[in-house]
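Both ligands and their constituent atoms are indexed starting at 1 by order of listing.
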Amino acid sequence: MDCIFCKIIKGEIPSHKIYGDEHTFAFLDINPISNGHTLVIPKHHHENLLTASEEDTALVAKTVKKIANAVKKTFNADGVNILQANGTAAGQSVFHYHVHVVPRMENDGLHLWPPTKRIGHEAAQMAKAINKNL
Ligand code: AMP
Ligand code: ZN
């Protein structure tokens, strides 16, 4: 399969590895949005969170927590964002499930959170509709 992240796991493409265990792998993002921006991936190929197994989702989450604490300590960061894209509409560009761990500094000028809109009376209906699809 022609997947760059599978190739990174196999060592066929170089990466700056931070951590690896039986099921997960973490390495520096090649185009970081802050110092220490890391990607955490499962070793099994899944397109994204929506199709990943529950087991790999949980194992990735565990590694994300480990990496988030490590980058915060390393860069003396004030905070950490955990970001993750599913589908091209959501900005996904590599189709091997991955989670971004992004160290943040107070007043670093990054605007990762767009402005919100006020939710109206339709909220209760939306909550019910989503619940039906669980
Ligand atoms: P996304 O837009 O969420 O799919 O993120 C894909 C991320 O993978 C981007 O932030 C890229 O900079 C990163 N990326 C792509 N190729 C490589 C690579 N060879 N090594 C490290 N990071 C990569
Ligand atoms: Zn892959």
Quiz prompt | D29 N/O to ligand 1 N/O under 3.5 Å | solution = yes

Exercise. Of all N, O or S atoms in H45, identify the one at the shortest distance from the Zn ion (ligand 2).
Key: ND1

Exercise. Mark the output for H16 as yes if a heavy-atom distance to ligand 1 is under 4.0 Å, and as no if none is.
Key: no

Quiz prompt | Nearest-neighbour protein heavy atom for atom 16 (N) of ligand 1, which is reported as residue plus atom name and distance | solution = I4 CD1, 3.4 Å

Exercise. Begin with the C-alpha distance, continue with both residues' side-chain angles, and end with the deciding distance and a verdict on ring-ring contact (aromatic ring centres under 6.0 Å, His included) for H100 and H37.
Key: CA-CA 7 Å; H100 298 257; H37 178 174; 5.1 Å; yes

Practice problem: Under 4.0 Å from a heavy atom of H100: give me the atoms of ligand 1 that qualify, with their elements. | Solution: 1 (P), 3 (O), 5 (O), 7 (C), 10 (O)

Exercise. Give a yes/no answer: is there an N/O/S atom of H96 under 2.8 Å from the Zn ion (ligand 2)?
Key: yes

Self-check item: Min heavy-atom dist F5 to ligand 1 below 4.0 Å
Solution: yes

Quiz item: Which ligand 1 atoms, with their elements, are less than 4.0 angstrom from a heavy-atom of N31?
Solution: 12 (O)

Quiz item: Under the 3.5 angstrom rule, does the side chain of D108 hit a backbone N or O of M105 as a donor-acceptor pair?
Solution: yes

Exercise. Look only at interatomic distance and state if V94 has a nitrogen or oxygen under 3.5 Å from any nitrogen or oxygen of ligand 1.
Key: yes

Quiz item: Should you measure from each heavy atom of L28, which atoms of ligand 1 turn up under 4.0 Å away?
Solution: 21 (C)

Self-check item: H98 heavy atom under 4.0 Å from ligand 1
Solution: yes

Quiz item: With a cut-off of 4.0 Å, which atoms of ligand 1 are near a heavy atom of L39?
Solution: 8 (O), 13 (C), 22 (N)

Exercise. Identify the heavy atoms of R104 and N81 that sit nearest to each other, and give their distance.
Key: NH1-OD1, 2.6 Å

Exercise. Using a strict 4.0 Å cut-off to heavy atoms of Q92, name the atoms of ligand 1 that fall inside it.
Key: 4 (O)

Exercise. Could you tell me whether a side-chain N or O of S34 sits under 3.5 Å from a main-chain N or O of P103, the two making a donor and an acceptor?
Key: yes

Quiz prompt | Any I33 heavy atom less than 4.0 Å to ligand 1 | solution = no

Self-check item: For atom 21 (C) of ligand 1, the protein heavy atom that lies nearest, with its residue and separation
Solution: I30 N, 3.3 Å

Quiz item: Is a side-chain donor or acceptor of D29 paired with a backbone partner of T38 at a separation under 3.5 angstrom?
Solution: no

Practice problem: State whether D78 and K72 are salt-bridged, where the test is any N-O pair (Lys NZ or Arg NE/NH1/NH2 against Asp/Glu carboxylate O) under 4.0 Å. | Solution: no

Quiz prompt | Heteroatom distance test (G91, ligand 1): nitrogen or oxygen, under 3.5 angstrom | solution = yes

Quiz item: When you measure from the side chain of K132 to the backbone N and O of A127, does any donor-acceptor pair fall under 3.5 Å?
Solution: no

Quiz prompt | Enumerated ligand 1 atoms positioned under 4.0 Å from heavy atoms of S93 | solution = 1 (P), 2 (O), 4 (O), 5 (O), 6 (C)

Quiz item: Under 6.0 Å from the CD atom of E122, do we count more than 12 heavy atoms belonging to anything else shown?
Solution: yes

Quiz item: Hey, which of H96, Q92, Q84 is the one that makes side-chain hydrogen bond (donor to acceptor under 3.5 Å, both in side chains) with N48?
Solution: Q92

Quiz item: Which class fits the ring pair H46 and H44: parallel under 30°, tilted 30 to 60°, perpendicular over 60°?
Solution: perpendicular

Quiz prompt | Contact (N/O only, under 3.5 Å) between I8 and ligand 1 | solution = no

Would you tabulate the side-chain donor-acceptor contacts of residues 57-67 under 3.5 Å, counting partners in other chains and residues two or more places apart, or write 'none'?
residue	atom	partner	partner atom	Å
T57	OG1	S53	O	2.7
T63	OG1	T24	OG1	2.7
T63	OG1	L59	O	3.4

